[in-house]
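Note that the coordinates shown come from a computational prediction; the quantities given were computed from them, not determined experimentally. Ligands are counted one by one from 1 in listed order, and the atoms in each one are counted from 1 as well.
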Amino acid sequence: MSGHAVLLEGVTRTYGAGPTEVAALRQVSVGFPRGSFTAVMGPSGSGKSTLLQCAAGLDRPQSGAVRIAGQDITGLGEKDLAVLRRDAIGVIFQAFNLVPSLTAWQNVILPARLAGRRPDPARVRELLHRVGLAGREGHRPAQLSGGQQQRVAIARALLGRPEVLFADEPTGALDRGAGHEVLALLREAVDTYGQTVVMVTHDPEAAARADAVLFLTDGRIVDVLDRPSPEQIGSRLGGHR
Ligand code: ADP
């Protein structure tokens with residue numbers, strides 16, 4: 001158990017009821033080892049986002065158990081769950097989700113400030129430097145490229161030193177070069193800082209940066225590849241790459 005940053009056991013999540021019921025996840029059991037980088041792939045509607053949401057404690061399954069940082073979240077109330085999410089989890093999205101009127105620096109510290117904290121300025125400076133934004137602390141999102149905006153979002157997610165970083169299509173809106181830089185930062189979180197990364201992606205090249213790739217179909221994990229090449233991933237997806 002202690003080897004996993006996040007563990008899902010028999011997780012089922014359905015939406016709707018009766019004839020319109022959709023099973024987004026069907027009895028999914030999977031562990032994300034501490035200090036590992038896992039990519040999650042599968043066709044649209046296969047349950048990738050639902051898996052990420054359940055694993056991050058943002059959504060509650062109907063049945064099964066989810067353990068985050070050693071804690072079973074099934075029985076946690078909303079308040080305790082919010083605290084666990086704040087302290088153990090960072091999330092980044094395809095659309096960056098930055099506040100347009102705030103600077104890079106202000107965006108990075110916003111969640112901490114909303115939680116009533118005053119982040120150490122030295123830590124904020126170090127993080128912005130680490131993601132390659134030294135000198136751009138005062139820029140607003142519109143003054144930054146897409147890749148730079150995603151790097152602000154990564155710094156924001158890393159501020160609280162979360163054990164797990166969830167990324168939903170983090171390179172989906174970026175060109176190849178910017179995508180590479182984002183993936184390098186995720187890899188660094190794992191290799192240098194021992195954090196755990198779980199990333200949903202459609203891109204075989206992005207997935208090939210992970211230690212393992214899970215394939216979902218119709219709410220089930222149907223395959224796992226360890227350290228696959230982009231070509232192996234492409235052929236598993238049925239593409240002709
Ligand atoms: P993916 O991320 O792989 O595209 P999702 O996890 O978003 O898949 O969705 C899995 C299934 O659950 C799909 O059939 C989708 O239509 C359904 N679904 C997801 N979210 C909702 C929702 N809020 N209400 C109803 N159905 C949903």
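Residue V22 places no N or O, backbone or side chain, under 3.5 Å from any N or O of ligand 1. Considering both main-chain and side-chain atoms, A24 never comes within under 3.5 Å of ligand 1 through any nitrogen or oxygen pair.
When hydrogens are left out, the protein atom nearest atom 27 (C) of ligand 1 is Y15 CD1, 3.2 Å; that is the closest non-hydrogen contact. At the top of the distance list for atom 7 (O) of ligand 1, counting protein heavy atoms only, stands S49 CB, 3.8 Å. What sits closest to atom 13 (C) of ligand 1 on the protein, heavy atoms only, is G45 O, 3.7 Å.
D72 and T74 form a side-chain donor-acceptor contact under 3.5 Å, judged by distance and modelled atom types alone.
Heavy-atom proximity to K48, at under 4.0 Å, picks out these atoms of ligand 1: 1 (P), 2 (O), 3 (O), 4 (O), 6 (O), 8 (O). Every atom of ligand 1 is numbered from 1 in the order shown, and the set under 4.0 Å from a heavy atom of P43 is 3 (O). Against a heavy-atom cut-off of under 4.0 Å, S44 is close to the following atoms of ligand 1: 4 (O).
A cation-pi arrangement, defined by a distance under 6.0 Å to the six-membered ring centre and an angle within 45 degrees of its axis, is present between R130 and Y193. Note that R209 lies outside the cation-pi zone of F37, set by a 6.0 Å cut-off to the ring centre and a 45° limit from the axis.
At a 4.0 Å cut-off, at least one heavy atom of S46 sits close enough to ligand 1 to count as contact. For G47, the closest heavy-atom approach to ligand 1 falls below 4.0 Å.
Side-chain atoms of Q149 never come within 3.5 Å of backbone atoms of A142 as a donor-acceptor pair (strictly under, hydrogens ignored). Between the side chain of Q148 and the backbone N or O of S145, at least one donor-acceptor pair lies under 3.5 Å. Side-chain atoms of K48 do not come within 3.5 Å of backbone N or O of H202 as any donor-acceptor pair.
Minimum interatomic distance between V200 and L52 (heavy atoms only, all atoms of both residues): CG2-CD1, 4.0 Å.
At a heavy-atom cutoff of 4.0 Å, ligand 1 is contacted by both the backbone and the side chain of T50.
Less than 4.0 angstrom separates atom 16 (O) of ligand 1 from none of the non-hydrogen atoms of the protein.
A salt bridge does not link R176 with E181: none of the charged nitrogens is closer than 4.0 Å to a carboxylate oxygen.
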